[in-house]
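Structure first, commentary second.
Chain letters run A, B, ... following the sequence lines, proteins first and then strands; every chain starts at 1. Just so it is clear, the model here is predicted, and its values are computed rather than measured. Values below: every heavy atom of this structure, side chains too, minus hydrogens, waters and symmetry copies.
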Number of protein chains: 2
Amino acid sequence: EEIVISGVSLKKDVAQITMDHVPNTPGIAADIFSRVAKANIIVDDIIQTEHESGCATLSFTVDSGELKAAQKVVAEVKANWPGCKISYDNELAKVSAVGVGMRSHTGVAHSMFRALAQAKININAITTSEIKLSCLISRDQGPQALRAVHKAFNLESAPTRQGL
Amino acid sequence: EEIVISGVSLKKDVAQITMDHVPNTPGIAADIFSRVAKANIIVDDIIQTEHESGCATLSFTVDSGELKAAQKVVAEVKANWPGCKISYDNELAKVSAVGVGMRSHTGVAHSMFRALAQAKININAITTSEIKLSCLISRDQGPQALRAVHKAFNLESAPTRQGL
Ligand SMILES: C[C@@H](O)[C@H](N)C(=O)O
Ligand SMILES: C[C@@H](O)[C@H](N)C(=O)O
């Protein structure tokens with residue numbers, strides 16, 4: 001598969017809010033995001049996985065500056081579903097490989113994950129779309145991750161700085 | 001925020017492989033995807049969240065027809081990390097809202113999740129990018145979900161059928 005990566009980018013100030021043990025029933029995500037929308041919080045990515053136990057892990061990312069507002073909203077969620085475990089991480093960055101024609105992520109994922117592994121960088125979260133593969137990593141490893149992924153795709157030009 | 005959704009799409013035959021309790025240390029994702037790449041499996045989305053206990057949930061989607069090949073690869077992963085719990089779901093579809101200028105997903109997410117909630121459709125997984133918000137739902141609710149989300153964004157033209 002011809003991998004056509006046109007660029008690698010780094011978004012530096014990312015904060016993530018994770019809600020673990022959220023009930024996996026219709027209406028929960030709508031309730032959470034109606035509160036987030038009411039508080040006018042700008043959300044970057046939303047990631048959800050589900051677990052065998054019938055609950056889900058739902059997390060979203062915001063710019064670091066919006067974390068306080070997001071924490072207030074999510075505290076309301078906790079009041080509704082006391083069993084849900086909430087955690088925050090305000091030390092993150094997002095490194096992304098962008099390319100058109102990524103009919104499948106297999107080759108891109110393999111190259112990108114290997115580049116981060118060889119640089120001893122842990123991947124905290126992953127999200128993909130047709131044109132982009134993004135990994136959340138710790139902020140202090142951002143520049144190193146950008147260089148490692150950039151090299152993995154043999155891109156000669158300087159990487160673009162801000163989130164594509 | 002002016003939400004500019006240009007289309008809603010439905011990808012019908014989606015299968016998801018979920019690996020729960022995966023060690024959250026550098027190199028694990030690279031190892032999994034080197035096996036997936038070797039088996040020439042075409043991966044659609046990759047979603048990972050992490051848990052407080054120091055492990056992660058990593059899942060990926062393939063066309064239903066590739067599930068068998070993916071199961072073989074993932075069985076090797078299980079042999080490496082016996083503590084990891086693997087589950088499959090071959091009854092999924094992916095409904096997506098696509099639009100440019102989605103600087104933030106807040107408004108789109110709220111509308112889409114509310115539309116699915118009102119149609120009593122459960123959201124199994126979520127993944128986003130700048131131009132797209134996707135939800136995995138059960139395959140038999142696909143057409144209903146497409147109509148509900150399409151209506152939520154007041155799109156007059158007929159929805160596009162296959163995954164955008
Ligand atoms: C967890 C949450 O996404 C739930 N499954 C819902 O449909 O709202
Ligand atoms: C779980 C997996 O993504 C691991 N954190 C890694 O970096 O490979």
Side-chain angles (χ1 to χ4, degrees), chain A residues 1 18 20 24-34 36-37 40-52 56-60 85 87 103-107 109-110 112-136 163-164, chain B residues 1 18 20 24-34 36-37 40-52 56-60 85 87 103-107 109-135 163-164:
Chain A
E1 175 208 359
T18 300
D20 214 348
N24 194 7
T25 51
I28 302 292
D31 178 75
I32 294 171
F33 280 87
S34 77
V36 171
N40 280 327
I41 295 170
I42 303 269
V43 169
D44 186 27
D45 281 317
I46 305 168
I47 307 175
Q48 178 190 311
T49 57
E50 56 177 357
H51 301 289
E52 288 169 340
T57 302
L58 201 158
S59 90
F60 64 93
K85 274 214 210 108
S87 56
R103 206 177 82 61
S104 147
H105 287 102
T106 318
H110 180 218
M112 189 166 175
F113 298 161
R114 190 180 47 196
L116 294 173
Q118 284 164 353
K120 306 226 185 314
I121 295 172
N122 191 51
I123 302 168
N124 295 327
I126 302 169
T127 177
T128 59
S129 77
E130 295 60 42
I131 59 162
K132 191 167 169 177
L133 176 63
S134 295
C135 294
L136 285 183
L164 264 168
Chain B
E1 177 206 0
T18 301
D20 214 350
N24 196 6
T25 50
I28 304 291
D31 179 76
I32 293 170
F33 281 88
S34 78
V36 172
N40 281 327
I41 295 171
I42 302 268
V43 169
D44 187 25
D45 281 318
I46 304 168
I47 308 175
Q48 180 190 311
T49 57
E50 58 178 355
H51 302 289
E52 286 171 339
T57 302
L58 201 156
S59 93
F60 64 94
K85 273 215 211 107
S87 56
R103 205 175 81 61
S104 147
H105 288 101
T106 318
H110 179 218
S111 305
M112 187 166 177
F113 298 161
R114 190 181 46 194
L116 294 172
Q118 284 165 351
K120 305 223 185 316
I121 295 171
N122 190 52
I123 303 166
N124 295 323
I126 303 168
T127 179
T128 58
S129 77
E130 298 60 44
I131 58 161
K132 191 166 167 173
L133 175 63
S134 295
C135 294
L164 265 169

Strictly distance-based, threshold 3.5 Å: is any side-chain N or O of A/Thr106 a donor or acceptor partner for the main-chain N or O of B/Val43? yes
Assert top hit (heavy-atom pairs under 4.5 Å, partner chain A, pool B/Ile32, B/Asp31, B/Thr57) equals B/Thr57
Should A/Leu133 and A/Ile126 count as side-chain neighbours, where that means a heavy-atom distance under 4.5 Å? yes
Name the member of A/Pro26, A/Ser34, A/Ala30 that forms the most heavy-atom pairs with chain B at distances under 4.5 Å. A/Pro26
By a 4.5 Å heavy-atom criterion (distance strictly below it), what part of A/Ala37 contacts chain B: side chain, backbone, both, or neither? both
For A/Ile41, is it the side chain, the backbone, both or neither that has a heavy atom under 4.5 Å from a heavy atom of chain B? backbone
Sequence neighbours left out, what passes side-chain hydrogen bond (donor to acceptor under 3.5 Å, both in side chains) with B/Thr18? Give chain and number order. none
I need the minimum non-hydrogen distance between A/Ala125 and A/Ile47, along with the two atoms involved. CB-CD1, 3.9 Å
Who passes side-chain hydrogen bond (donor to acceptor under 3.5 Å, both in side chains) against B/Asp45, sequence neighbours left out? A/Thr128, B/Lys94
If you count heavy-atom pairs under 4.5 Å with chain A, which of B/His51, B/Arg114, B/Lys85 comes out on top? B/His51
Could you state the interatomic distance from CD1 (A/Ile46) to CE (B/Met112), rounded to the nearest 0.5 Å? 10.0 Å
Can you say whether A/Leu116 sits under 4.5 Å from chain B via the side chain, the backbone, both, or neither, judging by heavy atoms? neither
Which portion of B/Ala56 sits near chain A, non-hydrogen atoms under 4.5 angstrom: neither
Tell me, out of A/Val36, A/Asn40, A/Asn24, who's got the most heavy-atom pairs with chain B below 4.5 Å. A/Asn24
Can you tell me which portion of A/Asp20 sits under 4.5 Å from chain B's heavy atoms? Options are side chain, backbone, both or neither. side chain
Chain A contacts, top residue of B/Asn124, B/Ile121, B/Thr25, B/Thr127 (heavy-atom pairs, under 4.5 Å): B/Asn124
Check whether B/Gln48 reaches the backbone of A/Ile123 with its side chain - one donor and one acceptor, N or O, closer than 3.5 Å. yes
